[in-house]
Amino acid sequence: MLDQADPEMDLRALVEESEDFTVDTRVYTSPAIFDAEMRRIFLRTWVYVGHESEIPNPGDFRTSAVGRVPVIVTRDQTGAFHVLVNTCRHRGTVVCREERGNARFFQCPYHNWLYRNDGRLVQIPDSSGYPEGWAGRIGGLLEAPRIAVLYGMIFANFSQAGPSFDEYLGPLRRYVEYWFGHSPTGRVQVLAPFRASYPGNWKLQVENSTDGWHARYVHESALRTMHHFGTRSPAVGWPGATRAFPSGHGVLERPRDDLPPEVQPQFESFRSLLAETYGAEHAEAMFVRRQITLFPSFHLMEFKFRVIQPVAVDQTVIYEFPVRLEGVPDDVNAAILHRITREISISSGGPVSSFVNADDVEAFARVQSGLADSPVERIYFSRGLHREVIAPDGERTGESSDELPQRSIYREWRRLMHE
Amino acid sequence: MDPRIDTMSSLSREEAEAFVYQECQLLDERRLDEWLTLFTEDGIYWIPSSDTARPEDTSIMYDDPLQRKKRVHQLLREVHLAQTPPSRTVHLVSNLQFDPDPSPSEATVRCNVLMAEIRPADHATGQIGLNSPRLLAGHCHYHLRREHGRWAIAMKKVLLIDRDLPLYNITFII
C-alpha cells in the first residue's frame, strides 16, 4: 500500500548508513509512511500497553493502544492478563471508553453484545436471530496473540511471527534490571500520569528521550535558571555514555550528580540501601541516571515511564507515569517524587508546562515546521558514527553526546519497514 | 501595618472583583514580577490534572513560592524556547461567586476563566503550533488571606475543563 501511495519511494533508501547516517525527511511528514509504520512496526513488534500495578485485582482494566489499534488491557477473574482489541466484532463500535475501571463484562452500546473480561463473546440479545451456535463461531474480541510481562510491564505483540520477547529484549535486559533494581523487590507502582500532546511526528520524542547532546542548548534557559537559584552547576564535558542494542533499543547514561540540596540526604541513604542490598560495585553500576528506549515507543526515564502514542503523522501524545518503588523507605520515595514533580530539572507538568520538557516539545514542533515542505531531503544522525564500539553480543557504546541510540532506532525501523 | 487599612472587616464583593481583575491585567501585560507579590508567603498556584488530585499527585502545575519564582525567572529573564515567541493572552473572568466569610482574615472566591492565547510569528510559512488562537477554560478557586494588611492568594487552583486530557504548551500563567 505504501508503494502504491508513492511508487517513486524506495523504502530501503529512507535510512542510509555509509560514511554518514541519514534519514529521509519524509519519515516525519508522509501520511503514507505513517500508515505503514502503524502496521509494519507497531503490529509486528512488542509494544508496551500498561503495568500490572494499574490493574492489580481481577476484573481491573485499562484502555491503551498499539499503534492506532485501541485495546483494553484486562485482568480476568483468574488473574490472567489479556490485551483485547477494543472493537465490537458485530459492527465495529468501540466497546469501552473508560480509561480505567473494574468490570467482569464489557457491553457494546450499539446492539448490546456482551463480552467477558477475557474477551469471550457470551451473549447476543435475542440470539434466535442467528442459527444455534453462531456466537461460538465469532469467539470474542480479537486478542493480541502474544503478551509478555517484565517487572510488571505488559507488552503485546499482534504478530505470531518474529522474535520472542526475550530475543527482542536481548542484552538490554541488564540495563532494565538495573532500572527496576532500584526497588529491592524489583516491583514498582505506577502513579497518575502527566499527559501532553504536540503537533509533530512521534519519532521526534522517541529520538529525544536518549539524546544527550541537545540538553545544553534546548534546556539552556532551565539550566541557567537552576544555576541562578543555586541548585545546579554548569555542565563541563560530556560525562556518561550512550548504548545501542539490536531490536532498536538504546540507553543514555549520565552521572546522578545534579541532585538539588533538598533531596541529597535521601538519595545518599538510598544509595547506601542499594549498596547493602547488592554490594557496592553492583550498586554503583545501578545508581546511574539512565534513560532507556524500548523500541518502538516506550522509555524508562528518571523514575518514570514515558509512553509515546502516535496519533497522526504530525500529532503525538506523551504519557509520563512516575513510579513508587516498593521496599524503599517513604522518605526516599517522597524525595524521588519531589524530584519528578516539583524540582526544576524535571518539574511539574512534564512535557506540557515544565521548565524542561516543554522546551523539547517546542523543538519538535519546530522540526515539523522546518520539514513541512522543505527541499531538505535528508537529516543527519552521524555524530559519533566513526567511534561506535561494537561488542560481540551486539551492544554498541558511544559518548553521551553521540547519536548512537537514534541510529539504533532507525536501523530497526528500516528492518521492520521493508522486511 | 498601615493603621488606615481596615483589618477587621471581611472581604467585600467589590474588593474580590478588583482583586481578580487586577490579576488578569498583570498576567495579560506579562507583569509577572508584580504577579508574584499577589501571593502570601506560602501561597500555592495549582493546576491539577484531575478533579480528585491531591497536592502530591502529578499536576499540570503545582508551584510553591520558590517554584513560582523560578518559573517567572525563566519566563522573563531567560530565552525559554517554548515561549519564543511569547504567548499573548486575554484572560476573561466571570460568574464570580463570593462566599461571605465571617472571618476578617480569610475569604473564598470562585470564578470562571476563559483565556485566549496566541503565539504570533511569521505567518507566510505556516509555523506549526503558532499563529492559531487557543482557548482554555476552567473554574478558578481562590483562597485569599489577609497578610501584612492586604489580601493575598494563599491558594489559586484552576480546574481546566480538559485537565485530564493531553495538552500542548502551557508555559504561561492561567
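Residue numbers start from 1 in every chain, and the chains themselves are labelled A, B, ... in the order their sequence lines are given, proteins ahead of strands.
No donor-acceptor pair closer than 3.5 Å links the side chain of Gln368(A) to the backbone N or O of Ile128(B). Judged by distance alone, with hydrogens and angles left aside, the side-chain atoms of Thr58(B) form a donor-acceptor pair with the main-chain N or O of Ala192(A) at under 3.5 Å.
Around NE2 of His143(B), the count of heavy atoms belonging to other residues, nucleotides or ligands within 6.0 Å exceeds 12. Other residues, nucleotides and ligands contribute more than 12 heavy atoms inside 6.0 Å of the CZ atom of Arg77(B).
For the pair Arg366(A) and Leu81(B), the minimum side-chain heavy-atom distance is below 4.5 Å. With contacts defined as side-chain heavy-atom distances shorter than 4.5 Å, the pair Val79(B)/Glu220(A) does not qualify. Side chains of Tyr62(B) and Thr341(A) form no contact here, defined as non-hydrogen atoms less than 4.5 Å apart.
Of all the listed residues (Pro199(A), Ser197(A), Gly370(A), Gly200(A)), the one sharing the greatest number of non-hydrogen pairs under 4.5 Å with chain B is Ser197(A).
Contacts between Thr84(B) and chain A at a heavy-atom distance below 4.5 Å involve backbone atoms as well as side-chain atoms. Looking at Asp64(B), there are no atoms closer than 4.5 Å to chain A (heavy atoms on both sides), in backbone or side chain. Contacts between Arg119(B) and chain A at a heavy-atom distance below 4.5 Å involve the side chain alone, from C-beta outward. In this structure, chain A has a heavy atom under 4.5 Å from the backbone of Leu165(B), while its side chain stays farther away.
With His228(A) as the partner, the side-chain contact (heavy atoms from CB on, under 4.5 Å) test is satisfied by one option alone out of Lys70(B), His73(B), Lys69(B): His73(B).
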